[in-house]
**Q** 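This is the structure I have questions about; it appears just below.
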Amino acid sequence: EEADKKKTEKMLAELEHNKKVMNKVIEQLPEKIFLKDEAGRMLLLNSAIAAGYNKPVEALIGKSDFDLFPHDVAQGYWKVEEEIISTGKALTLYEDFKDAQGETRNLYTVKMPFVFPDTGKVGILGYQVDITDIKRMESKVRDAETSVKKKEEETLQYLQEYQKTLLDILDELPHKIFLKDEHGKMVLVNTMVAKAHNMKIEELIGKSDYDFVDAETAKAWRNQELEI
């Protein structure tokens, strides 16, 4: 009898030691870790979970979502966990959680079935990663991209209006006005130039002297332009 008592005490001491080791392990993790029984009651959790409720870990042991959230919210969580328990399949979720300070946090959550070896009952093992800051950064990037795109559109509109105004001014001049790029191709002409070639303005854009005169003359004109 004395031997049995010592054996039991040794087993209990080992279990208590293992429990402390497990608690220390999950406390070292930055993720939110929790283990629930078959009824959704907390059996194990770390401080990262407790901090969201602004409560100590001990105060949450034995609690279910129905003790912590409005009934309709808790019912939604429990429906998901019931499905995991019944199907034996893990689920990955993106959840919004309002913490004790009233701030909405965005969580990446993984919940999976956990079979208790002593009873064979199925509970829920889960971990959560707070991705609120990532979501906010993504939102800022999207806003910045939208702002840049808007600025580009405004700049393009301004340049188009400026070009139209410039063309209107050039068309009023009684002279042939043209602008060529570094390859000698037309990028801007006025109506006087278009009339001289009996073409529309848009038909002249991209053309060079080689399209209108013989190669020797075009080359001579091109050499003059290169000197300029």
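Each residue takes its place number in the sequence, starting with 1. Here the structure is a predicted model, which means the values were calculated and not measured.
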**Q** Step by step, would you call Glu153 with Gln157 a side-chain hydrogen bond (donor to acceptor under 3.5 Å, both in side chains)?
**A** CA-CA 6 Å; Glu153 290 173 350; Gln157 183 180 357; over 6 Å; no
**Q** In the structure I gave you, are the side-chain heavy atoms of Leu93 and Tyr108 within less than 4.5 Å of one another anywhere?
**A** no
**Q** Counting only heavy atoms not in Glu216, do more than 12 sit closer than 6.0 Å to its CD atom?
**A**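 No - once you tally the heavy atoms of other residues, nucleotides and ligands closer than 6.0 Å, there are 12 at most.
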**Q** Using side-chain contact (heavy atoms from CB on, under 4.5 Å), reason through Leu107 and Asp130 one step at a time and then give a plain yes or no.
**A** CA-CA 5 Å; Leu107 304 176; Asp130 192 323; 4.1 Å; yes
**Q** Which heavy atom of Tyr77 sits nearest to which heavy atom of Lys111, and what is that distance?
**A** O-NZ, 4.5 Å
**Q** Would you give the length of the straight line joining atom CG of Asn198 to atom CD of Glu203, rounded to the nearest 0.5 angstrom?
**A** 9.0 Å
**Q** Check for a donor-acceptor pair, side chain of Thr87 on one end and backbone N or O of Glu83 on the other, with a separation under 3.5 Å.
**A**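 Side chain of Thr87 to backbone of Glu83, a donor-acceptor pair under 3.5 Å: yes, one is there.
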**Q** Tell me whether Tyr210 is reachable from Val193 by hopping between hydrophobic residues (I, L, V, M, F, W, Y) whose side-chain heavy atoms are closer than 4.5 Å.
**A**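 No, no single cluster joins them.
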**Q** Output yes when a side-chain donor or acceptor of Thr92 lies under 3.5 Å from a complementary backbone atom of Val110, and no otherwise.
**A**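 A pair under 3.5 Å: no.
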**Q** Under 4.0 Å between a side-chain nitrogen and a carboxylate oxygen: does that hold for Arg222 and Glu225?
**A** yes
**Q** So that I can tick it off, tell me whether Asp209 and Lys219 are bridged by a salt bridge, with the cut-off set at under 4.0 angstrom between side-chain N and carboxylate O.
**A**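 No.
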**Q** What is the minimum heavy-atom distance between Glu95 and Gln128, and which atoms define it?
**A**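 Heavy-atom minimum between the residues: OE1-NE2, 3.4 Å.
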**Q** Any chance you could lay out the side-chain hydrogen bond (donor to acceptor under 3.5 Å, both in side chains) test for Asp143 and Thr146, step after step, and finish with the verdict?
**A** CA-CA 5 Å; Asp143 289 345; Thr146 300; 5.3 Å; no
**Q** Nearest 0.5 Å, please: how far is CD in Glu138 from CZ in Arg136?
**A** 12.5 Å
**Q** Are Phe114 and Leu35 packed together at the side-chain level, in the sense that at least one heavy-atom pair is separated by less than 4.5 angstrom?
**A** yes
**Q** Under the side-chain contact (heavy atoms from CB on, under 4.5 Å) rule, what do Lys32 and Tyr127 come out as? Steps first, then yes or no, please.
**A** CA-CA 5 Å; Lys32 302 172 185 287; Tyr127 69 88; over 6 Å; no
**Q** Looking at CZ of Arg142 and NZ of Lys149, how far apart are the two atoms once the value is rounded to the nearest 0.5 Å?
**A**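 Here the rounded value is 14.5 Å.
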**Q** Do Tyr94 and Leu91 sit in the same hydrophobic cluster, where Ile, Leu, Val, Met, Phe, Trp and Tyr count as joined when their side-chain heavy atoms come under 4.5 Å apart?
**A** no
**Q** Assess whether a salt bridge exists between Glu81 and Lys89, defined as any Lys/Arg side-chain N lying under 4.0 Å from an Asp/Glu carboxylate O.
**A** no
**Q** Given 3.5 Å as the limit, does a donor-acceptor pair link the side chain of Asn190 with the main chain of His175, or not?
**A**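 Side chain of Asn190 to backbone of His175: a pair is present.
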**Q** Same cluster or not: are Ile61 and Leu68 linked, directly or through other Ile, Leu, Val, Met, Phe, Trp or Tyr residues, by side-chain heavy atoms under 4.5 angstrom apart?
**A** yes
**Q** Holding to salt bridge (charged side-chain N to carboxylate O under 4.0 Å, His left out), I want the full list of residues that pass it with Lys185, two or more places apart in sequence or in another chain.
**A**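 Scan of Lys185 (salt bridge (charged side-chain N to carboxylate O under 4.0 Å, His left out), adjacent residues dropped) gives none.
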**Q** Do Val187 and Ile205 have side chains that get closer than 4.5 Å, going by heavy atoms?
**A**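 The answer is no, as the side chains (C-beta and beyond) never meet within the 4.5 Å cut-off.
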**Q** How close do Phe116 and Val122 get, heavy atom to heavy atom, and via which atoms?
**A** CE1-C, 4.4 Å
**Q** Could you tell me the separation between the CG atom of Leu60 and the CG atom of Asp67, rounded to the nearest 0.5 Å?
**A** 9.5 Å
**Q** Counting neighbours of NZ on Lys180 that are heavy atoms of other residues, nucleotides or ligands and sit closer than 6.0 Å, is the number greater than 12?
**A**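 Atom NZ in Lys180 is packed in, count exceeds 12.
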**Q** What residues form a ring-ring contact (aromatic ring centres under 6.0 Å, His included) with Tyr53, not counting sequence neighbours?
**A**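 Tyr53 satisfies ring-ring contact (aromatic ring centres under 6.0 Å, His included) with Phe69, Phe97 only.
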**Q** Sequence neighbours left out, cut at 3.5 Å: what donor-acceptor pairs do the side chains of residues 40-51 make with other protein atoms?
**A**
{"unit_1": "Arg41", "atom_1": "NE", "unit_2": "Asp37", "atom_2": "OD2", "d": "2.9"}
{"unit_1": "Arg41", "atom_1": "NH2", "unit_2": "Asp37", "atom_2": "OD2", "d": "3.1"}
{"unit_1": "Asn46", "atom_1": "OD1", "unit_2": "Ile33", "atom_2": "N", "d": "3.1"}
{"unit_1": "Asn46", "atom_1": "OD1", "unit_2": "Ile49", "atom_2": "N", "d": "3.3"}
{"unit_1": "Asn46", "atom_1": "ND2", "unit_2": "Ile26", "atom_2": "O", "d": "3.0"}
{"unit_1": "Asn46", "atom_1": "ND2", "unit_2": "Glu31", "atom_2": "O", "d": "2.8"}
{"unit_1": "Ser47", "atom_1": "OG", "unit_2": "Glu27", "atom_2": "OE1", "d": "2.8"}
{"unit_1": "Ser47", "atom_1": "OG", "unit_2": "Glu27", "atom_2": "OE2", "d": "3.1"}

**Q** Taking all non-hydrogen atoms of both residues into account, name the closest pair between Ala59 and Lys55 and its distance.
**A**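 Minimum heavy-atom separation between Ala59 and Lys55: CB-CB, 4.3 Å.
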**Q** Between atom CD1 of Ile177 and atom OG1 of Thr191, what is the distance when rounded to the nearest 0.5 Å?
**A**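 If we round to the nearest 0.5 Å, Ile177:CD1 and Thr191:OG1 are 11.5 Å apart.
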**Q** State, yes or no, whether a side-chain contact exists between Leu226 and Trp221 at a heavy-atom distance under 4.5 Å.
**A** no
**Q** Counting only heavy atoms not in Met199, do more than 12 sit closer than 6.0 Å to its CE atom?
**A**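 Counting neighbours around CE of Met199, more than 12 heavy atoms of other residues, nucleotides or ligands fall under 6.0 Å, so yes.
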**Q** Under a plain distance cut-off of 3.5 Å, with no hydrogens placed, do Asn106 and Asp96 share a side-chain donor-acceptor pair?
**A** yes
**Q** So which heavy atom on Val189 is nearest to which on Ile201, and how close?
**A**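 Closest heavy-atom pair between Val189 and Ile201: CG2-CG2, 3.7 Å.
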**Q** Using 4.0 Å as the upper bound for N to carboxylate O, is an ion pair formed by Arg105 and Glu103?
**A**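 Here Glu103 pairs with Arg105 in a salt bridge, since their nearest N and O are under 4.0 Å apart.
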**Q** Given Leu125 and Phe34, is the side-chain contact (heavy atoms from CB on, under 4.5 Å) satisfied, shown in steps?
**A** CA-CA 6 Å; Leu125 174 64; Phe34 61 86; over 6 Å; no
**Q** Can you tell me how far apart CG (Asp181) and CG (Leu188) are? Round to the nearest 0.5 Å.
**A** 12.0 Å
**Q** In the structure I gave you, are the side-chain heavy atoms of Glu38 and Thr119 within less than 4.5 Å of one another anywhere?
**A** no
**Q** Can you name the closest pair of heavy atoms from Phe178 and Met186 and give their distance?
**A** CB-SD, 3.9 Å
